[in-house]
Amino acid sequence: MTSPSPVTADARPAFDVHRAREDFPALHQLVHGKPLVYLDSAATSLKPRAVIDAVEDVYARDCANIHRAVHLLSQRATARYEEARDKVRAFLNAKSNAEVIFTRGTTEAINLVAQSFARGLLREGDEVLVTELEHHSNIVPWQIVCQQTGAKLVVTPMTDRGEVLREAFEDKLSDRTKIVALAHVSNALGTVLPVRELSELAHARGAAVLLDGAQAVSHVEVDVRALDCDFYAFSGHKLYGPTGIGVLYGKERLLEQMPPYQGGGDMIRSVTFEETIYNDLPYKFEAGTPPIASAIGLGAAIDYYRGFDQAAVHAHERAVLQYATNALESIPGVRLIGTAPGKVAALSFLMDAAHPHDVGTIVDSEGVAIRTGHHCAQPVMEHFGVAATARASLGLYNTTDDIDALVRSLYKVEELFG
Ligand code: C6P
């Protein structure tokens, strides 16, 4: 079977998936003697050569600490690190670089907001509103801060298709809601939440809004000003960038008022034993030596990704997802989990024939990498009454040939266990 024909958007070149695949060295290897079919980009995406080269170049040429020394290497490393911040600002359409804080990833970004923003704000009886489809990273930090403050965690239920409906959300929103924390895209189900609409409702009640963009940044357009969220968190490694680097976007007005999350070098203007004066934004939130090469690698990933027409990439991914949905639905004994209209990039499924872990093991032996388990979203599993699912998830490099390979490997599971 062939890949979907490239999508042509306006005068821009169409997205050529076969050409893009050449950029990813990891794709061109054998796994258990079979060509690798990588369908686990929701866990982490593969890295293009441009990102690998950028990281290597930092260590080979500009290996120095930043913001600290006058020597040339340090100046070059500092300039590259700050250029990466500027690339993130442009990517998110944030107003200023002061609003872009480098963190270790989405998890650290959400914990930062929970401890530095929410802990000072929440009082006994206040509420933090999340949804049933959140990743543990957007549940546990709020549980911790609720325990610390006496606030209550409230959950908006999802439908059996994995949607979060406005009515259900409004039902849980109240004048006691101080913070609303929502996935932009669900990692277990692929649901795209109507975050702009839900943000508006939350703001109308005076609540602050954090969006967990871990699964969104590489699959849907993100514009923090259009979304009007107060905070937006994402991880570089799901956007074709390195691990160990992520971003917290926050509105400057709020970040200014928040105390530091961690103390240490670089986040200070002056220190005596009597008093410390904190540095300006964004450095107030970047204590210690940051992952310099990873931040620069993230900048390279953003350049790489934005080098394509994003609408064309998203359309390509939608076409592959639709193809995969049809293909899996046609296999007897396969049940899809998460069927929200407009969903993106992730297909969770169960097979009558075998436990998800067995499915994962058999398809791996055919060279096909998928994730199995609860996907760090146990409440989602509980909703569907299962302990685990198998999940195939897409990156820009996936083709319908990859889906055909997955389907063949699922028939192998059927043969062995059915
Ligand atoms: N989801 C997955 O396989 P970190 O680990 O900080 O980079 O990202 C955490 C995180 C937060 N929110 C969502 C919606 C996520 O999907 C993730 C990470 C991976 O689905 C690993 S569990």
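Just so you know, these numbers come straight off a predicted model, no measurement behind them. FYI, the numbering just counts along the sequence from 1. Order of appearance sets the numbers: ligands from 1, and atoms from 1 within every ligand.
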For residues 406-418, please give each side-chain donor-acceptor pair under 3.5 Å, one per line with the distance, not counting sequence neighbours.
from: Ser409; atom 1: OG; to: Ala405; atom 2: O; distance (Å): 3.4
from: Ser409; atom 1: OG; to: Leu406; atom 2: O; distance (Å): 2.7
from: Lys412; atom 1: NZ; to: Glu366; atom 2: OE2; distance (Å): 3.1

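Between Lys152 and Asp126, no side-chain nitrogen of the basic residue sits less than 4.0 Å from a carboxylate oxygen of the acidic one, so the salt-bridge criterion is not met. Contact check on Arg196 versus Glu200 returns a salt bridge, with a Lys/Arg side-chain nitrogen under 4.0 Å from an Asp/Glu carboxylate oxygen. Using a 4.0 Å cut-off between charged nitrogen and carboxylate oxygen, Glu197 and Arg166 count as a salt-bridge pair.
By the salt bridge (charged side-chain N to carboxylate O under 4.0 Å, His left out) test, Asp352 pairs with no residue at all, sequence neighbours left out.
Within the structure, ring-ring contact (aromatic ring centres under 6.0 Å, His included) contacts touching residues 29-50 (residues at least two apart or in different chains) do not occur.
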Between ligand 1 and the protein, which N/O pairs are shorter than 3.5 Å?
from: ligand 1; atom 1: 1 (N); to: His135; atom 2: NE2; distance (Å): 3.4
from: ligand 1; atom 1: 1 (N); to: Lys238; atom 2: NZ; distance (Å): 3.0
from: ligand 1; atom 1: 3 (O); to: Arg371; atom 2: NH1; distance (Å): 2.5
from: ligand 1; atom 1: 3 (O); to: Arg391; atom 2: NH2; distance (Å): 2.8
from: ligand 1; atom 1: 6 (O); to: Thr106; atom 2: N; distance (Å): 3.4
from: ligand 1; atom 1: 6 (O); to: Thr107; atom 2: N; distance (Å): 2.9
from: ligand 1; atom 1: 6 (O); to: Thr107; atom 2: OG1; distance (Å): 2.5
from: ligand 1; atom 1: 7 (O); to: Ser235; atom 2: OG; distance (Å): 2.7
from: ligand 1; atom 1: 7 (O); to: His237; atom 2: NE2; distance (Å): 2.7
from: ligand 1; atom 1: 12 (N); to: Asp212; atom 2: OD1; distance (Å): 3.2
from: ligand 1; atom 1: 12 (N); to: Asp212; atom 2: OD2; distance (Å): 2.6
from: ligand 1; atom 1: 16 (O); to: Gln215; atom 2: NE2; distance (Å): 2.7
from: ligand 1; atom 1: 20 (O); to: Asn187; atom 2: ND2; distance (Å): 2.8
from: ligand 1; atom 1: 20 (O); to: Arg391; atom 2: NH1; distance (Å): 2.8

